[in-house]
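Chain letters run A, B, ... following the sequence lines, proteins first and then strands; every chain starts at 1.
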Amino acid sequence: MARLIPKGRATSYGAIAQYIGMKSSRMVGWAMAGAASQKNVPAWRVVNRNGELTGASHFETPTQMQELLNAEGVDVKDNKIVDFKRVFWNPNEEL
DNA sequence: ACCGTGACGTGTC
DNA sequence: TGACACGCCACGG
(Lines give C-alpha, C1' and ligand atoms only; values in the text may rest on other atoms or scores of the structure.)
Protein backbone atom coordinates (compact mmCIF):
# COMPACT_ATOMS: atom_id res chain seq x y z
CA MET A 1 0.00 0.00 0.00
CA ALA A 2 2.72 2.43 1.00
CA ARG A 3 4.49 1.73 -2.27
CA LEU A 4 1.48 3.16 -4.13
CA ILE A 5 1.98 6.57 -2.58
CA PRO A 6 3.35 8.98 -5.19
CA LYS A 7 6.70 10.59 -4.48
CA GLY A 8 6.42 13.92 -2.78
CA ARG A 9 3.04 13.07 -1.33
CA ALA A 10 1.90 11.58 1.96
CA THR A 11 -1.19 9.90 3.35
CA SER A 12 -2.65 9.02 6.70
CA TYR A 13 -3.10 5.76 8.58
CA GLY A 14 -6.83 6.22 8.51
CA ALA A 15 -6.87 6.67 4.74
CA ILE A 16 -4.95 3.44 4.27
CA ALA A 17 -7.16 1.61 6.75
CA GLN A 18 -10.19 2.85 4.89
CA TYR A 19 -8.75 1.87 1.53
CA ILE A 20 -7.97 -1.64 2.69
CA GLY A 21 -11.24 -1.88 4.53
CA MET A 22 -9.62 -2.26 7.90
CA LYS A 23 -11.54 -0.96 10.87
CA SER A 24 -8.51 -0.25 13.00
CA SER A 25 -6.06 2.42 11.95
CA ARG A 26 -3.85 1.30 14.80
CA MET A 27 -3.11 -1.84 12.84
CA VAL A 28 -1.81 0.27 9.99
CA GLY A 29 0.68 1.88 12.30
CA TRP A 30 1.62 -1.49 13.67
CA ALA A 31 2.24 -2.74 10.14
CA MET A 32 4.27 0.33 9.26
CA ALA A 33 6.49 -0.23 12.28
CA GLY A 34 7.68 -3.42 10.68
CA ALA A 35 7.99 -1.79 7.27
CA ALA A 36 9.96 1.19 8.50
CA SER A 37 13.20 -0.74 8.43
CA GLN A 38 12.53 -1.89 4.88
CA LYS A 39 14.01 0.30 2.22
CA ASN A 40 11.48 -0.82 -0.39
CA VAL A 41 8.56 0.43 1.67
CA PRO A 42 8.21 4.23 1.90
CA ALA A 43 6.73 4.15 5.37
CA TRP A 44 7.88 7.74 5.89
CA ARG A 45 5.04 8.88 3.59
CA VAL A 46 2.54 7.67 6.14
CA VAL A 47 1.66 10.03 8.96
CA ASN A 48 -1.28 10.58 11.25
CA ARG A 49 -4.28 12.68 10.24
CA ASN A 50 -2.63 15.86 11.49
CA GLY A 51 0.40 15.35 9.30
CA GLU A 52 2.56 14.69 12.32
CA LEU A 53 5.56 12.38 11.92
CA THR A 54 4.60 10.38 14.96
CA GLY A 55 6.55 7.33 13.89
CA ALA A 56 9.85 9.09 13.39
CA SER A 57 11.26 7.35 16.43
CA HIS A 58 10.85 4.00 14.72
CA PHE A 59 13.37 4.79 12.01
CA GLU A 60 17.09 4.29 12.19
CA THR A 61 17.37 7.86 13.37
CA PRO A 62 14.52 10.01 14.69
CA THR A 63 15.27 12.59 12.02
CA GLN A 64 15.46 10.23 9.06
CA MET A 65 11.75 10.34 8.38
CA GLN A 66 11.81 14.09 8.15
CA GLU A 67 14.96 14.03 6.07
CA LEU A 68 13.43 11.64 3.55
CA LEU A 69 10.28 13.71 3.23
CA ASN A 70 12.33 16.86 2.77
CA ALA A 71 14.34 15.14 0.07
CA GLU A 72 11.10 14.49 -1.81
CA GLY A 73 10.00 18.08 -1.65
CA VAL A 74 7.68 17.73 1.31
CA ASP A 75 8.13 20.59 3.73
CA VAL A 76 8.41 19.40 7.30
CA LYS A 77 8.44 21.72 10.28
CA ASP A 78 8.71 20.70 13.90
CA ASN A 79 8.01 17.06 13.06
CA LYS A 80 4.88 17.98 11.13
CA ILE A 81 4.18 18.24 7.40
CA VAL A 82 3.64 21.84 6.35
CA ASP A 83 0.31 22.35 4.54
CA PHE A 84 -0.51 18.69 4.95
CA LYS A 85 -3.89 19.01 3.28
CA ARG A 86 -2.10 19.97 0.07
CA VAL A 87 0.43 17.14 0.27
CA PHE A 88 -2.15 14.63 1.39
CA TRP A 89 -2.77 11.80 -1.05
CA ASN A 90 -6.11 10.08 -0.76
CA PRO A 91 -5.91 6.48 -2.02
CA ASN A 92 -9.68 6.26 -2.10
CA GLU A 93 -9.85 8.96 -4.75
CA GLU A 94 -7.40 7.01 -6.87
CA LEU A 95 -9.72 4.07 -7.15
C1' DA B 1 -7.22 -16.87 28.86
C1' DC B 2 -6.50 -11.93 30.76
C1' DC B 3 -4.29 -7.48 30.55
C1' DG B 4 -1.50 -3.63 29.08
C1' DT B 5 0.33 -1.27 25.18
C1' DG B 6 0.69 0.94 20.70
C1' DA B 7 3.31 5.05 14.07
C1' DC B 8 -4.62 6.07 15.24
C1' DG B 9 -9.33 8.17 14.60
C1' DT B 10 -13.62 10.12 16.02
C1' DG B 11 -16.74 11.94 19.23
C1' DT B 12 -17.83 14.66 23.79
C1' DC B 13 -17.31 18.01 27.18
C1' DT C 1 -8.59 24.33 22.04
C1' DG C 2 -7.22 20.69 25.17
C1' DA C 3 -8.19 16.56 27.79
C1' DC C 4 -10.48 12.17 27.97
C1' DA C 5 -13.03 8.04 26.56
C1' DC C 6 -13.76 4.41 23.56
C1' DG C 7 -13.29 1.25 19.51
C1' DC C 8 -10.08 -1.22 17.13
C1' DC C 9 -6.85 -5.75 17.05
C1' DA C 10 -2.10 -7.98 17.11
C1' DC C 11 1.56 -9.17 20.48
C1' DG C 12 4.11 -10.16 24.57
C1' DG C 13 4.12 -11.25 29.43
Side-chain angles (χ1 to χ4, degrees):
Chain A
M1 181 62 220
R3 281 188 291 244
L4 299 181
I5 305 174
K7 180 183 178 185
R9 307 292 294 284
T11 191
S12 68
Y13 302 95
I16 293 177
Q18 193 177 350
Y19 175 83
I20 301 175
M22 182 165 309
K23 309 296 183 188
S24 172
S25 45
R26 302 182 75 106
M27 298 312 314
V28 179
W30 176 77
M32 287 295 105
S37 57
Q38 304 209 201
K39 167 193 165 189
N40 59 321
V41 181
W44 57 88
R45 293 183 190 148
V46 185
V47 296
N48 68 6
R49 76 187 192 106
N50 297 313
E52 300 173 46
L53 283 49
T54 51
S57 56
H58 291 261
F59 284 78
E60 297 180 16
T61 66
T63 58
Q64 189 165 71
M65 191 174 184
Q66 181 171 326
E67 296 289 320
L68 288 166
L69 284 170
N70 265 320
E72 295 185 349
V74 179
D75 217 9
V76 178
K77 197 69 176 180
D78 190 40
N79 237 38
K80 305 186 202 68
I81 293 179
V82 177
D83 203 355
F84 179 55
K85 46 189 298 182
R86 193 179 58 185
V87 181
F88 182 71
W89 177 76
N90 192 331
N92 302 293
E93 293 180 353
E94 300 293 322
L95 284 175

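Among the protein residues, A/Ala43 comes within range of the nucleic acid bases, having at least one heavy atom under 4.0 Å from a base atom. Residue A/Ala31 is out of contact with every strand shown, counting any heavy-atom pair closer than 4.0 Å.
Remark: side-chain polar atoms of A/Arg3 are not paired, donor with acceptor, to backbone N or O of A/Val41 under 3.5 angstrom. Of the possible polar contacts, none joining the A/Asp78 side chain to the A/Lys80 backbone as a donor-acceptor pair under 3.5 Å is found. No donor-acceptor distance shorter than 3.5 angstrom exists from the side chain of A/Ser25 to the backbone of A/Ala17, with no hydrogens or angles considered. Although no hydrogens or angles enter the test, the distance criterion places a donor-acceptor pair under 3.5 Å between the side chain of A/Asn48 and the main chain of A/Asn50.
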- [ ] Summarise how protein sits on nucleotides 8-13 of chain B as a single string, 5' to 3': B when a protein heavy atom is under 4.0 Å from the base, S for sugar-phosphate-only contact, - for no contact.
- [x] BSB---
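Connection of A/Tyr19 to A/Tyr13 is established within a shared hydrophobic cluster, with ILVMFWY side chains joined at heavy-atom distances below 4.5 Å, either directly or through further cluster members.
Of all the heavy atoms in A/Val47 and A/Met65, the pair that sits closest is CG1-CE, 4.0 Å.
There is a side-chain donor-acceptor pair under 3.5 Å between A/Glu72 and A/Trp44.
Within a 6.0 Å sphere centred on CD of A/Glu60, other residues, nucleotides and ligands contribute 12 heavy atoms or fewer.
A nucleotide of DNA chain C counts as in contact with chain A when one of its atoms lies under 4.0 Å from a heavy atom; the first and last such, 5' to 3', are C/dG7 to C/dC11.
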